[in-house]
Undergrad: 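Submitted below is the structure of interest, expressed as structure tokens.
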Amino acid sequence: MPILISIFSILFLSIILIFLYLDHNANAEERAKRKLFKKGFVEKQIRLSNGTVINYGEGPNNGPALLLIHGQGVDWKNYYTVLPELSKTFHIYAIDCHGHGKSSHDPERYSGKKMGEDIIRFITTIIKEEVYVSGHSSGGLLTAWLAAHCPKVRAIVLEDPPFFSTEKSRTQSTFAWQDSFRLIHDFLQQDIEQDYLLYYLPRSYWKDKFGKLWSIIQRQAIKFRANEPDKIFRVPFLPASLNRIWEVPSNTAYDKRFGEAFYDNSWFEDFDQEELLAQVRCPSTLIFAKSSKWKSHDENGILMAAMSADDAQRAHDLLPNNHLITVDSGHGVHNEKPVEFIEIVQTAFLN
């Protein structure tokens with residue numbers, strides 16, 4: 001009898017642990033994002049003088065102004081892992097970029113220059129003081145533009161921005177093109193499948209790398225979308241690092257026409273990356289994410305990162321007053337290495 005009790009106890013505990021693991025993978029991120037509002041963050045909107053709506057999250061006034069600009073396909077709450085700690089020493093403004101979240105979805109404004117001009121309007125109208133700026137990925141490109149054109153920018157952190165790999169001559173040899181921009185373009189050219197997630201999964205560049213598991217994920221996605229057409233898709237048996245693969249494809253608040261602007265290169269109109277970096281005068285910190293888990297290029301010669309080591313060094317050499325930091329991480333350093341990211345930001349802006 002004691003043996004049976006022990007066996008049942010172990011089974012019961014195992015079931016509870018499995019349930020907690022699955023629940024964590026499926027729901028922990030959304031719960032953490034909701035907790036931001038209990039920590040003093042408020043979501044607001046402003047309509048700029050040209051009619052553009054900028055949605056943003058603002059934290060308590062605990063220090064100098066810090067503007068956060070997210071990467072492509074997410075929104076301001078993507079910084080959920082670092083916002084509570086950073087808000088202890090900064091007055092945070094985290095925006096939804098054009099075409100994302102609750103900001104305007106207007107393709108006429110989907111260029112680095114026009115977005116940068118609108119963000120300057122936001123700084124002038126809302127922040128009204130000198131500001132530190134940190135931008136991730138495409139948000140890092142915008143951050144560099146701001147540093148070159150807005151005198152109110154005191155210093156910047158560039159979190160793994162795709163410098164030079166997004167130039168027209170190279171972009172087709174990148175993972176971003178193969179798994180995002182090209183697929184988005186093809187999706188917008190057809191009218192059979194209206195759900196981008198369901199269009200994306202059978203065509204993803206990841207498909208062959210996951211093998212049979214990918215078919216299971218596809219079936220999960222079809223069932224999920226039938227019940228939750230507007231929610232971010234997550235596979236309960238996979239950790240957050242892998243679930244981020246379909247975070248962007250399943251995000252219905254991301255205007256896919258924004259990705260089209262990277263496909264046809266219109267986002268980079270009047271946006272010369274080499275000239276831009278040389279024009280930055282404020283102190284800058286460039287974070288280069290170089291993961292030890294995989295090579296920078298795959299067997300097909302596709303760049304699986306935002307930048308190569310040569311790209312990062314080239315950007316560093318062009319920036320007049322820059323500190324280059326290499327972090328062992330995937331592309332989203334603020335999510336994968338939040339403690340290290342926070343330390344980098346505090347060192348760059350407070351020391």
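Treat the numbers as computed from the prediction; the structure is a model and nothing was measured.
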Undergrad: Only pairs at least two apart or in different chains count here, so list each side-chain hydrogen bond (donor to acceptor under 3.5 Å, both in side chains) that has a residue in residues 338-351.
TA: none
Undergrad: How would you list, by chain and number, every residue that makes a side-chain contact (heavy atoms from CB on, under 4.5 Å) with P64, sequence neighbours excluded?
TA: F90, Y132, R154, L350
Undergrad: Kindly write out the residues that satisfy side-chain contact (heavy atoms from CB on, under 4.5 Å) with K209, not counting sequence neighbours, or none if the list is empty.
TA: Y205, W206, D298, E299, M304
Undergrad: For D311, is there an ion pair with R170 - N to carboxylate O distance below 4.0 angstrom?
TA: yes
Undergrad: Less than 4.5 Å apart, any side-chain heavy atom of F187 and any of R203?
TA: no
Undergrad: Less than 4.5 Å apart, any side-chain heavy atom of F349 and any of L86?
TA: no
Undergrad: Considering only NZ, NE, NH1 and NH2 on the basic side and carboxylate oxygens on the acidic side, decide whether R314 and D317 come within less than 4.0 Å.
TA: no
Undergrad: Is it true that F224 and W246 fall in one hydrophobic cluster, defined by side-chain heavy atoms closer than 4.5 Å?
TA: yes
Undergrad: Quick check for you: to the nearest 0.5 Å, what is the distance between E193 atom CD and Y199 atom OH?
TA: 9.5 Å
Undergrad: Mark yes when over 12 heavy atoms from residues, nucleotides or ligands other than Q189 sit less than 6.0 Å from its CD; otherwise mark no.
TA: yes
Undergrad: If the condition is ring pair (Phe, Tyr, Trp, His ring centres under 6.0 Å), which residues does H185 pass it with, not counting sequence neighbours?
TA: Y263
Undergrad: How far apart are the C-alpha atoms of L67 and I119, what are their side-chain angles, what is the distance that settles it, and do they pass the side chain to side chain contact (heavy atoms under 4.5 Å, CB included) test?
TA: CA-CA 10 Å; L67 174 63; I119 295 173; 3.8 Å; yes
Undergrad: Can you say whether the rings of H91 and Y93 are parallel (under 30°), tilted (30 to 60°) or perpendicular (over 60°)?
TA: tilted
Undergrad: So how far is it from K44 NZ to E58 CD, rounded to the nearest 0.5 Å?
TA: 3.5 Å
Undergrad: For the residue pair R257 and Y110, would you count it as a cation-pi contact if the rule is NZ or CZ under 6.0 angstrom from the ring centre and within 45 degrees of the ring axis?
TA: no
Undergrad: Under the side chain to side chain contact (heavy atoms under 4.5 Å, CB included) rule, what do I92 and L83 come out as? Steps first, then yes or no, please.
TA: CA-CA 8 Å; I92 291 178; L83 285 175; 3.8 Å; yes
Undergrad: Name all residues meeting the side-chain contact (heavy atoms from CB on, under 4.5 Å) criterion together with H331; count only those two or more places apart in sequence or in a different chain, and write none if there are none.
TA: H136, S137, D160, A306
Undergrad: Ignoring hydrogens and geometry, is there a side-chain-to-backbone donor-acceptor pair from S103 to G99 under 3.5 Å?
TA: no
Undergrad: Determine, using the 4.5 Å side-chain heavy-atom cutoff (strictly less than), whether L142 and V53 are members of one ILVMFWY cluster.
TA: no
Undergrad: Heavy-atom distance under 4.5 Å between the side chains of D96 and W76, does that happen here?
TA: yes
Undergrad: Does K88 have any salt bridge (charged side-chain N to carboxylate O under 4.0 Å, His left out) partners at least two apart in sequence or in another chain, and if so, which?
TA: E85
Undergrad: Would you call the rings of Y196 and Y200 parallel, tilted or perpendicular if under 30° counts as parallel and over 60° as perpendicular?
TA: tilted
Undergrad: Taking only residues two or more places apart in sequence or in another chain, which ones pass salt bridge (charged side-chain N to carboxylate O under 4.0 Å, His left out) with R219?
TA: none
Undergrad: With side-chain hydrogen bond (donor to acceptor under 3.5 Å, both in side chains) as the test, would you mind laying out the steps for T52 and N50 before giving the verdict?
TA: CA-CA 6 Å; T52 299; N50 64 358; 3.2 Å; yes
Undergrad: At what distance, to the nearest 0.5 angstrom, does CD of Q313 lie from OG1 of T326?
TA: 9.0 Å
Undergrad: Taking only residues two or more places apart in sequence or in another chain, which ones pass salt bridge (charged side-chain N to carboxylate O under 4.0 Å, His left out) with E228?
TA: K231
Undergrad: Return the set of residues passing side-chain contact (heavy atoms from CB on, under 4.5 Å) with A221 (not counting sequence neighbours), or none when no residue passes.
TA: L197, L198, L201, F233
Undergrad: Strictly by salt bridge (Lys or Arg N to Asp or Glu O under 4.0 Å), give each pair with a member in residues 133-148 just once, sequence neighbours left out.
TA: none
Undergrad: What is the distance from atom CG of N55 to atom OG of S104, rounded to the nearest 0.5 Å?
TA: 10.0 Å
Undergrad: Nearest 0.5 angstrom please: S329 OG to E336 CD, how far?
TA: 4.0 Å
Undergrad: Start with the C-alpha distance between Y79 and L36, add both sets of side-chain angles, then the distance that settles side chain to side chain contact (heavy atoms under 4.5 Å, CB included), and finish with yes or no.
TA: CA-CA 10 Å; Y79 283 103; L36 291 174; over 6 Å; no
Undergrad: Checking Q273 against T166 for the side-chain hydrogen bond (donor to acceptor under 3.5 Å, both in side chains) test, could you report, in this order, the C-alpha distance in whole Å, the side-chain angles of both residues, the deciding distance, and whether it holds?
TA: CA-CA 9 Å; Q273 297 183 49; T166 42; 3.2 Å; yes
Undergrad: Could you tell me which non-hydrogen atom of A278 sits nearest to which non-hydrogen atom of P320, and how far apart they are?
TA: O-CG, 3.7 Å
Undergrad: Taking the side chain as C-beta and beyond, is there a heavy-atom pair between R182 and Q172 under 4.5 Å?
TA: no
Undergrad: What residues, two or more places apart in sequence or in another chain, satisfy salt bridge (charged side-chain N to carboxylate O under 4.0 Å, His left out) together with R281?
TA: none
Undergrad: Does the side chain of H100 pick up a donor-acceptor pair with the side chain of N251 at under 3.5 Å?
TA: no
Undergrad: Using the side chain to side chain contact (heavy atoms under 4.5 Å, CB included) rule, take C97 and I69 through it: C-alpha gap first, then chi angles, then the decisive distance, then the call.
TA: CA-CA 7 Å; C97 289; I69 307 176; 3.5 Å; yes
Undergrad: If you measure from NZ on K293 to CG on D328, what distance do you get to the nearest 0.5 Å?
TA: 8.0 Å
Undergrad: For F288, what residues pass the ring pair (Phe, Tyr, Trp, His ring centres under 6.0 Å) criterion, not counting sequence neighbours?
TA: none
Undergrad: Carefully, step by step, assess D179 and S204 under the rule side-chain hydrogen bond (donor to acceptor under 3.5 Å, both in side chains).
TA: CA-CA 6 Å; D179 196 65; S204 171; 2.7 Å; yes
